[in-house]
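I have placed the structure first, in the form of structure tokens, so that the comments after it can refer back to it.
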Amino acid sequence: MIPADSKSSGNDSHALAAAPDSVIFDAVGDALVVTDATRQIVRANRAAARLFGCPAQTLVNSDLARLVPNAAELGDLWQAASVPRNAEVHALSYDGRAFPATLTIGAMPGGGHVVCIRDVTDIAIAQRQLVNRSLRDGLTGLPTRGLFLEQVDHALARRRAGNATGEVAVVCLGIDRFKLVNDSLGYPAGDELLAETAGRMAAELGPGVPIARLGGDEFGILVDGVGRKGEAVVAAERALGIFSNAFAIAERSLLVGASLGIAFAAPEDDLAAQTLLSNADVSMHRAKKAGGGRIEIFEPARHGEALGLLEIELALRDALQRGEFELAYQPILDMQRGSLRGVEALLRWNRENGASVPPSIFIPIAEKSGLIVQIGEWVMRRACAQMKVWRDRYGAAAPEYVAVNLSAKQIDRTDVPALVRRVLADTGLDARHLELELTESTVVENPAVGQSVLQEVVALGVSLAIDDFGTGQSALSLLPRLPLAKLKIDRSFVARMDVESESFEIVRLIVSLAQALGMRTVAEGIERESQIKLLRSLGCAHGQGYFFHRPMPASGIERLCASPTPTPNRSIAAAD
Ligand code: C2E
Ligand code: MG
Ligand code: MG
């Protein structure tokens, strides 16, 4: 026996199966319209009327283009096909509101089509939020590095395709001594400074100039289509100008500076966006190194290199194996007696193609890529082995120490005390003949790790010096806690100390600071006798510079050791 309800359901099924198409058509939740071969709407269901905000009858006889303006551009989607096909479009409601929609087009007999239109506004909003989250920096609301690279790429592609003229310029801006703000006032203050910088940059440069937060304290500016290089420089100067007013951060008034680097790509350059950005970045770091608060322009020709920095990085990877590195040694003299005290080992890269790349270009690339770890180990080995030969051959006439530059990355990535121990054991050099030079920022950026590493190294008998003192982030508060033997006064102060009272004052302060802390001072970059006189009067212990000697090959140092006169070519006495 068949149950009553099943019987009735059988009847309903029958009724449903026999329902007229128009009923089904109107019951469908998605908007459906049927068009003829010329894409005139011949039928529209209720959902379509709801979606477009007018009676179904109003839709009939109108052109589909009235609802989907670019429907005609969907090309082969209108070709007869057994499987319905989708397209993303913008649809237009009857009152003129545009909304994102998906069209599904199915072919009908006789050349017509049935078109299903779905409003995907919600999906689009969700997608945009997701994308924004990865492409926008949460703190400043600016595009991130990834999006910025896309924008640069787009600008370069338009040049290649001949759709735009002029050069593309990328400006990289870094806040000077940003870490100091973070360390002394706390991270929220650092965040405030970044957000305020972003706001000022956007207000100064306006909506037509794309800006981005590249990471940390670095910002990018894209100047798309510069007729003259001056236009990009003007944009950079305006960005630098926003730092002339103090920032109100953490209830204080802070004056901070910035360093900017600019790189250009001419239409014929065929540079990748990443290369252009890293060129600007290197110039920015050069500006920082030169004391900050300035703009540097990347000029490949200046370095005899027509290559982008990425290419330099690739070549750098092979340079060790190819034996392209060499060490030059610059004598460090006793300022009072003029005798040779030590030498600083300075790396030289002479490429196979005959070009020689300056350390100010390749060292930052080696640091960024991590190659500095192997290269730094090579330098230490080579310098110690050379020193051992000199000590054995010339005894007391040999330099007392060789100074080797150590980069911050080496401290981060290598067990420096173990490396020093190994190198000294392998070369047989006594630890007291080795000195390591670190910059202030190396110490400041990693005070805890840095301090324990430095203690260990000093325990081995090696001495430490702070290089380029006075230019980087100030290590003043850390100095008394570090086992340092020397402060090397940066060349920029020595260069002006005999012509500018402010620089003289700084040198005087550094020398007395070192004396108070029981350290010695080494003046870098001495080029004139007048500087020697002043340095001697201040009691600066050691000095190096072109006035005495330029960096030279090992054979040059050997000639000095063998020479009977302790004070070479130009006598210190001449300064008296
Ligand atoms: P630095 O350690 O401060 O080295 C001193 C720089 O000043 C050298 O430049 C030297 O040639 C230059 N100099 C010396 N006296 C004078 C002078 O009287 N006038 C002028 N105008 N310059 C003078 P260089 O060799 O180009 O090296 C630049 C920097 O590259 C070094 O600065 C150091 O920071 C880095 N560097 C060089 N070799 C190495 C290395 O083996 N490892 C690491 N990590 N960095 C290195
Ligand atoms: Mg040095
Ligand atoms: Mg130096």
Side-chain angles (χ1 to χ4, degrees), residues 282 285-286 288-291 302-303 316 319-320 324-333 342-350 356-384 386 401-414 416 419 423 434-442 463-472 484 486-498 510 521-532 535 542-553 556 569-570:
V282 161
H285 278 104
R286 198 181 309 128
K288 275 203 171 173
K289 224 176 162 217
R302 206 173 95 186
H303 312 295
L316 204 50
L320 264 184
E324 293 177 349
F325 286 126
E326 198 45 76
L327 287 185
Y329 298 89
Q330 187 175 33
I332 299 171
L333 306 183
V343 290
E344 177 172 6
L346 294 160
L347 188 55
R348 296 290 175 257
W349 180 21
N350 300 311
S356 87
V357 189
S360 54
I361 292 295
F362 74 81
I363 296 277
I365 300 174
E367 287 177 338
K368 267 204 166 156
S369 59
L371 288 166
I372 194 69
V373 171
Q374 301 150 43
I375 296 175
E377 175 165 351
W378 181 87
V379 170
M380 197 185 288
R381 251 173 217 291
R382 179 73 171 222
C384 289
Q386 180 63 73
Y401 65 92
V402 61
V404 171
N405 292 284
L406 205 62
S407 105
K409 278 275 152 44
Q410 282 173 276
I411 298 200
D412 285 351
R413 301 197 185 179
T414 336
V416 172
L419 172 68
V423 169
L434 175 64
E435 184 162 288
L436 296 178
E437 293 189 4
L438 308 104
T439 62
E440 274 180 294
S441 348
T442 305
S463 62
L464 295 180
I466 295 263
D467 203 357
D468 305 340
F469 190 78
T471 55
L484 300 170
K486 286 184 195 133
L487 293 185
K488 295 191 79 174
I489 309 167
D490 190 66
R491 188 167 87 215
S492 57
F493 305 122
V494 176
R496 296 193 299 262
M497 70 179 293
D498 52 345
I510 297 176
T521 38
V522 184
E524 295 185 308
I526 301 172
E527 293 184 355
R528 290 185 292 275
E529 286 189 24
S530 46
Q531 295 160 345
I532 300 179
L535 288 164
H542 296 172
Q544 73 188 93
Y546 293 173
F547 180 82
F548 305 122
H549 299 284
R550 287 179 178 257
M552 55 180 82
N569 61 28
R570 300 213 218 184

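Note: hydrogens, waters and symmetry copies are ignored here, and every other heavy atom, side chains too, is used. Order of appearance sets the numbers: ligands from 1, and atoms from 1 within every ligand.
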Exercise. For atom 1 (P) of ligand 1, which protein heavy atom lies nearest, and how many Å away is it?
Worked result: Asp467 OD2, 3.6 Å
For this session: Report yes if some N/O of Gln410 lies less than 3.5 Å from some N/O of ligand 1; otherwise report no.
Result: no
Exercise. Relative to the ring of His542, is the ring of Tyr401 parallel (under 30°), tilted (30 to 60°) or perpendicular (over 60°)?
Worked result: parallel
Problem set entry | Atoms in ligand 1 flagged as close to Ser407, the criterion being non-hydrogen separation under 4.0 Å | 44 (N)
For this session: Measure from the side-chain N and O atoms of Gln330 to the backbone N and O of His549, and report whether any donor-acceptor pair falls under 3.5 Å.
Result: yes
Problem set entry | Under 3.5 Å: N/O of Leu347 near N/O of ligand 1 | yes
Exercise. Under 2.8 Å from the Mg ion (ligand 2), is there an N/O/S atom belonging to Asp467?
Worked result: yes
Exercise. Is there a side chain to side chain contact (heavy atoms under 4.5 Å, CB included) between Phe547 and Arg528 once you walk through the steps?
Worked result: CA-CA 6 Å; Phe547 180 82; Arg528 290 185 292 275; 5.7 Å; no
Exercise. Looking only at heavy atoms, which two atoms of Thr439 and Ile466 are closest? And how far apart?
Worked result: C-CG2, 4.4 Å
Problem set entry | Heavy-atom closest contact (Ile375 atom, Ala366 atom, distance) | CD1-CB, 4.0 Å
For this session: Do me a favour and list the nearest non-hydrogen protein atom to atom 24 (P) of ligand 1 with residue, atom name and distance?
Result: Pro359 CG, 3.8 Å
Seminar exercise, completed: When every non-hydrogen atom of Ile372 is compared with those of Ser407, the smallest separation belongs to CG1-OG, 3.7 Å
Exercise. Could Lys488 and Glu344 be called an ion pair, given the rule that one side-chain N must be under 4.0 Å from one carboxylate O?
Worked result: yes
Exercise. So which N/O/S atom does Glu344 have closest to the Mg ion (ligand 2)?
Worked result: OE2
Exercise. Any chance the side chains of Glu524 and Gln544 put a donor and an acceptor closer than 3.5 Å?
Worked result: no
For this session: Have a look at Lys488, Lys289, Arg491 and point out the one with the heavy atom closest to atom 22 (N) of ligand 1.
Result: Arg491
Problem set entry | Note: Glu527-Arg491 ion pair, threshold 4.0 Å (strictly below) | no
Exercise. If you measure from atom 31 (C) of ligand 1 to every heavy atom of Leu327, Leu346, Ile361, which option wins on shortest distance?
Worked result: Leu346
Problem set entry | Nearest non-hydrogen partners of Tyr546 and Pro551, listed with the distance | CE2-CD, 4.0 Å
Seminar exercise, completed: Quick look: Glu367 vs ligand 1, heavy-atom contacts under 4.0 Å, and the answer is neither
Exercise. How far apart are the closest heavy atoms of Val404 and Met380, and which atoms are they?
Worked result: CG1-CA, 4.3 Å
Exercise. For atom 46 (C) of ligand 1, what is the nearest protein heavy atom, given as residue, atom name and distance?
Worked result: Ile363 CD1, 3.6 Å
For this session: Measure from atom 9 (O) of ligand 1 to the protein's non-hydrogen atoms and state whether any distance is below 4.0 Å.
Result: no
Problem set entry | Pick from Arg348, Gln544, Glu437: the one approaching atom 25 (O) of ligand 1 most closely through a non-hydrogen atom | Arg348
Exercise. For the Mg ion (ligand 3), does an N/O/S atom of Asp490 lie at less than 2.8 Å?
Worked result: no
For this session: Mind reading off the angle at the Mg ion (ligand 2) between the OE1 atom of Glu437 and the OD1 atom of Asn405, rounded to 10°?
Result: 90°
Exercise. Do any N/O/S atoms of Glu524 come under 2.8 Å of the Mg ion (ligand 2)?
Worked result: no
Exercise. What N/O/S atom of Asp468 is the closest to the Mg ion (ligand 3)?
Worked result: OD1
Problem set entry | ligand 1 to Glu527 polar contact by distance, N or O atoms, under 3.5 Å | yes
Exercise. Would you call His549 a ligand 1 contact, heavy-atom distance under 4.0 Å?
Worked result: no
Problem set entry | Min heavy-atom dist Pro551 to ligand 1 below 4.0 Å | yes
For this session: For Leu535 and Met497, run side chain to side chain contact (heavy atoms under 4.5 Å, CB included): C-alpha distance rounded to whole Å, both residues' side-chain angles, the deciding distance at 0.1 Å, then the answer.
Result: CA-CA 9 Å; Leu535 288 164; Met497 70 179 293; 3.8 Å; yes
